[in-house]
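Structure first, commentary second.
All values reported here derive from a predicted model rather than from experimental measurement.
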Amino acid sequence: FHNIFSRILNYFRLTRCRTNSSLFTIPPSLPGPVPVRLVNGNNMCSGRVEVLHNSTWGSVCGDHWGTEEANVVCRLLNCGKATSATGNATFGQGTGPVWLSDMRCNGTEVALDQCPAKPYGNNNCSHSQDAGVICSGPVPVRMVDGNNMCSGRVEVLHNSIWGTVCGDHWGTEEANVVCRLLNCGEATSATGNATFGQGTGRVWLSDLRCSGSEAALDQCPAKPYGNNTCHHRQDASVTCSGPVPVRLVDGNSMCSGRVEVLHNSTWGSVCGDHWDFKAASVVCRLLNCGEATSATVSSTFGRGTGRFWLSDVRCKGTEPALDQCMAKPELTVYFVGVQNTVPTLYYAL
């Protein structure tokens, strides 16, 4: 994780230029791209485009929104290429600010904040113009029966059915693609002998030949889906370095809120059973938010949606990430939150 506060500070330091008598801003090189998400889509690679600025998510105006701009979003989110770019709130109207408008990407940028655009919030756009995108998307991948959220048997979704990957020619290059796609760092182990147990059903992929730089497994050369003689005793597995990404949602500041973790490309909640200061301290330290001042349960910061990814979390308080604490997978009742001390920052504007 990059220092959140450094990111905010850099947002204020903008290089300005004038193009066609309209003021545009091009943010300087950041330690990481401006956070982008897709909301209310049909899958994880479609939806209304939103960006994070000043700790608040806001939409993007659809004026001048086209394939070049959409391709930047799709590539950033490991979702392949844009198949549709719309500017008429196709995925519903957002709320709050419209942060970006009049974007002029060439399609090769690594993030939206590298495209010329009007200054954040300086527009007369309405949410009826909210930009949306549909990406070609990577083949969905998950890790099953691992020791934590960043290890397990590799499975891919094809024709709405999960199946395994054959371990023939399965190596570090292929495993790195999986780890990076699932935001789990780099591969520390790649095995092809059902290390995490044998799967059931189909063996979808075999004879994979990745270079390691691909954004998804379906970009690697391989035999056609299901066209192999592999057995489940050859199922491919991976252990990644981690850590599992964590965020705080619906809090009073960037350092308070409901705790959510990312697993299988989907954000989900943490159950509040056994949630305490030790676990909260791990989250605060990971997000560069100082020490925990409270650890709460019973949906203090509102109820989440979707899955409960972790429950019965048992941290010592010294772990560098939540996935290194003992825990059970998913499903119980309470949402958790943390409240932290926030460092005082002074900006030289």
Side-chain angles (χ1 to χ4, degrees), residues 1-14 25 27-39 48-60 76-77 94-100 111-113 119-121 183 243-263 266-270 272 275-297 299-306 309-310 313 315 317 319-323 335-349:
F1 280 85
H2 300 294
N3 189 303
I4 298 175
F5 299 104
S6 296
R7 187 190 298 275
I8 296 176
L9 178 60
N10 282 329
Y11 281 159
F12 286 96
R13 295 173 179 168
L14 300 176
T25 64
S29 297
L30 300 176
V34 59
V36 176
R37 67 182 184 184
L38 299 178
V39 181
R48 182 176 65 251
V49 181
E50 294 188 352
V51 298
L52 186 67
H53 178 62
N54 284 347
S55 307
T56 302
W57 287 100
S59 55
V60 177
L76 176 64
L77 298 178
T95 58
V98 178
W99 280 134
L100 293 175
L112 280 182
D113 54 323
Y120 284 99
N183 294 310
V244 58
V246 176
R247 69 181 183 184
L248 299 177
V249 181
D250 295 337
N252 302 318
S253 67
M254 295 177 63
C255 287
S256 66
R258 183 176 66 256
V259 180
E260 295 187 350
V261 297
L262 188 67
H263 179 58
T266 302
W267 287 100
S269 302
V270 178
W275 184 256
D276 58 14
F277 268 96
K278 293 179 181 179
S281 290
V282 173
V283 173
C284 295
R285 187 170 56 253
L286 178 63
L287 298 179
N288 294 310
C289 283
E291 296 294 326
T293 60
S294 75
T296 63
V297 297
S299 305
T300 301
F301 292 101
R303 292 174 175 266
T305 57
W309 282 132
L310 290 175
V313 177
C315 299
E319 296 87 350
L322 274 184
D323 58 321
F335 289 90
V336 305
V338 299
Q339 182 89 29
N340 343 30
T341 55
V342 182
T344 300
L345 297 181
Y346 295 90
Y347 299 111
L349 299 179

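Using a 4.5 Å heavy-atom threshold, the side chains of F301 and T296 count as touching. The side-chain heavy atoms of W57 and V249, taken from C-beta on, include no pair separated by under 4.5 Å. Looking only at side-chain heavy atoms (C-beta outward), Y120 and L100 come within less than 4.5 Å of each other.
The salt bridge (Lys or Arg N to Asp or Glu O under 4.0 Å) search around D250 returns R258, not counting sequence neighbours.
When all heavy atoms are compared, the tightest approach of R285 to G317 is NH2-O, 2.9 Å. In terms of heavy-atom proximity, A292 sits nearest to A280 at CB-CB, 3.8 Å. In terms of heavy-atom proximity, L322 sits nearest to V282 at N-CG1, 3.8 Å. Between N252 and S256 the shortest heavy-atom distance is N-OG, 3.0 Å.
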Run the numbers on V259 and W275 for side-chain contact (heavy atoms from CB on, under 4.5 Å), then give the verdict. CA-CA 11 Å; V259 180; W275 184 256; 3.9 Å; yes

Could you walk me through whether H53 and T56 satisfy the side-chain contact (heavy atoms from CB on, under 4.5 Å) test, starting with their C-alpha distance in whole Å, then the side-chain angles of each, then the deciding distance to 0.1 Å, before giving a yes or no? CA-CA 5 Å; H53 178 62; T56 302; over 6 Å; no

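Distance check: S269 OG to E260 CD gives 5.0 Å after rounding to the nearest 0.5 Å. L248 contributes atom CG, which lies 9.5 Å from atom CG of L286 (distance to the nearest 0.5 angstrom).
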